Each structure stands twice: as C-alpha cells, then as structure tokens.
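Okay, structure first, notes after.
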Amino acid sequence: MRKHNFGAGPGILPESALQKSAAAALDFNNIGMSILEISHRSKDFDAVMIQTKSLVKELLGVPDHYSILFLQGGASTQFAMVPMNLLHKKAAYVDSGVWANKALKEARLFGEVDVIASSKDKNYSYVPKGYQIPGDCDYLHITSNNTIYGTQMKNFPESPVPVVCDMSSDIFSRPVDVSKFDLIYAGAQKNMGPAGVTLVIIKNDILKEVQRVVPTMLRYQTHIDGDSLYNTPPVFSIFVCMATLEWLKSIGGVSAIEKINQAKADLFYGEVDSNPLFTGTCEKEDRSNMNACFLLKNPELDEEFMKVTKAAGIIGIKGHRSVGGFRASMYNALPIESVKVLTQVMKEFALKTA
Ligand SMILES: *Cc1c(COP(=O)(O)O)cnc(C)c1O
C-alpha cells in the first residue's frame, strides 16, 4: 500500500513514473543495460533528453527563443548562479520567505541588493504586493511559492526589468506565461521529479558580458552552448522527470492539473476553516495550493494528531522545523483521495476530542 505522502520535498511522484523508472533501472529499452550504466552521449539517452525537453516546452508553452537546461546543484546553486551571471550593479529582490531570503543573501555576495518588499514583519504569512520595481535594476527576483510558510503568488508583478523566478515548489502546477519571465529555475524534487536535477528556462538574449570571473560550470552560456551536455548530466534524474511529465501530459497537462490542485486545496482549506480544532497560518488570499500550513489551536494535541494521522497511512505533515505546526504538501502527484483521507481524519479527531 502506498502512503498518503504529504511530504514537502522530495515529494510524491506518480506511480507510473516510478514503474517506468524501476524498469529502466533494470534494463533500459531492452538494450541489456541499465539507464544507470549507459553513456550520456548514447543515442538512447539522447532520446530521453530530447523528449524531456520537448515535454517541458510543450507543457509550459516555452517560446522558441528560450533555452531549457538540466543542471545540478539544486535551486540553492541557482541562488548564486543568477547573480553571478546577471548582476552587474544592482538587483531587486522580494523577500517572501525562507528561500527568497537565502536567494537575496547569496546575491549580496555579488553586488548591491535592493530588497523592495518583505513579509518578514508578519512571519512570512502573506505575499508582499503593490511595491515599486526600480527601473535601474539588472533584474527582479521573485519566488512563486513559499514552500515553508505556505503562501503562493496568485499574480505576478508587471516589471520594467527582467524577471527571475524561483518556481521550485509550484512549477507545472498551473499554467504560467513563460514570456513574462527571463529566467525560471526549479529544483526538480518538489513537483517535477526526483532530487539531483534543476530545471532552468532562460531567455537566450539576457546574458551579457559580466565583469567578474565566472567558473565555466557556473556560466549559463556553457550549458546553453553544450545543450546541457557540457559535462555528465544527472541521467537518471532526468529520466524520472521525463516519466513524470509524460504522466502529466497524459492527464491533460498543466491546465488539467491546476483544476485538480484547486479542488484539493479547496477541500483541505475548507476543512481547516470549518474544523473547530484547526486554524490556517496564512492570509487566505495568499494561501498556497501546494503547501498548506496549519495549526492545532491547542498544541497539546499535536502528538495525538500525529499518531492518528500516522495510523491512517499519512506521512510528511509535520511543519518545517523553522515554523512548527503542520504542513500538508499537495503536489501534482498527490491524489485527491489522499486529501480526503486527511480531512476525514481531522473530522474524526474533532469529534473524538470535543
Ligand atoms: C526546496 C526549495 C529550494 C531549495 O532547493 P534545493 O534543490 O534543495 O537547493 C529553493 N527554493 C524553493 C522555493 C524551494 O522550495
């Protein structure tokens, strides 16, 4: 029996993708070798690269003048790569959560950082809005989904400067207009595949000569020129992403999954708001459809609640160590049935505890 996996990351993957990956790990395309053993320059892997890239392009509607890269080092390496390659003098950052904050701290190593808005004053429980974006910045950096505190940008700002967005925890969860962004990055392990690969979607013409020395592996141009094969890419992680995106396409793509994700979020937050024992932690209009943070009004019940959820096969709902409480991550691959199980447990818990 599969668990009801509400883990925040690495997150749940579709069963069909796990099965395809398991089969490929044993014998890939009946070639008598595992996907783990073949050359990244073989024609069998070449087909995987082409298919994964084309799925990213199709599912997100990536325009032709963008490159799609599969890199390593996680989203955290992008925190540095972005300013290394794009920060000439000054960049604007929106401080909307833990990850956004880490990104801006990293950028400070490379130049001037203008923190144009922050929700730190209220423990990152809302998404900053209505800020001015200075026209003299090299770029604006935003984080579409605040994985740890559970808020999500429902609208993206109109920006006079190039927009860089960390979409690690909600990429492929809803349609986005890629042409509004100059660079999108995402660690795969939340909503796209397993850990070990980082997706970068970059507009080809934003890279200009920078003054600083940038190591070869940390230059976007290296990977654009090398078609993500400058060095050995994370072959297996890319394969699992491909299988995950094939599943997404098979169920109707991002507009179909957006509806399912909305139904899951409505069901879950509906329970949080109507159940006398629980409360949400974020501004309602900014609540994330991916990561729902919630609390028991009486924290003395926390341990008992963990026990009953565990007994129902629910895992991964303990809140991030920096926030406490609970967090239900409802990534694409989490079936609505799992959310029904969780809300049912919450209902029964309230009846029993009343
Ligand atoms: C998880 C996460 C990160 C960090 O990702 P790594 O791949 O572990 O470096 C960065 N940003 C966001 C929004 C995340 O959810």
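Quantities reported herein were computed from a predicted structural model and do not represent experimental measurements. For ligands, and for the atoms within them, numbers begin at 1 and follow the listed sequence. Just the heavy atoms: all of them, side chains too, but no hydrogens, waters or symmetry mates, feed the values below.
Ligand 1 has a nitrogen or oxygen under 3.5 angstrom from a nitrogen or oxygen of D166.
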**Asked** Do F28 and F239 pass the ring-ring contact (aromatic ring centres under 6.0 Å, His included) test, and can you show the C-alpha distance, the side-chain angles, and the key distance before you say yes or no?
**Response** CA-CA 11 Å; F28 182 47; F239 181 89; 5.7 Å; yes
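Applying the 4.0 Å criterion to heavy atoms of N145 picks out, from ligand 1, the atoms 13 (C). For ligand 1, the atoms lying closer than 4.0 Å to a non-hydrogen atom of Q189 are 5 (O), 6 (P), 7 (O), 8 (O). Of all atoms in ligand 1, listed by their number and element, those nearer than 4.0 Å to a heavy atom of G74 are 7 (O), 9 (O).
Using a 3.5 Å distance cut-off with no hydrogens or angles, the side chains of N204 and S67 do pair a donor with an acceptor.
Contact annotation: for K102 versus ligand 1, there are no heavy atoms closer than 4.0 Å. Residue contacts with ligand 1 for Y185 are absent, since no atom lies close enough (heavy atoms, distance under 4.0 Å).
In this structure, the side chain of Y131 does not engage the main chain of V94 through any donor-acceptor pair within 3.5 Å.
For atom 5 (O) of ligand 1, the nearest non-hydrogen atom of the protein is A75 CB, 3.5 Å. Atom 9 (O) of ligand 1 has S76 OG, 2.6 Å as its closest protein atom, hydrogens excluded (heavy atom only). Given atom 14 (C) of ligand 1, the protein heavy atom at minimum distance is K190 NZ, 2.9 Å.
Between D170 and K190 there is no salt bridge, since no side-chain nitrogen of the basic residue lies less than 4.0 Å from a carboxylate oxygen of the acidic one. In summary, D225 and R219 do not engage in a salt bridge, as defined by a charged side-chain N under 4.0 Å from a carboxylate O. Taking 4.0 Å as the cut-off between side-chain N and carboxylate O, K89 and D136 do not count as a salt-bridged pair.
Two rings, from F6 and Y331, have their centers 6.0 Å or more apart.
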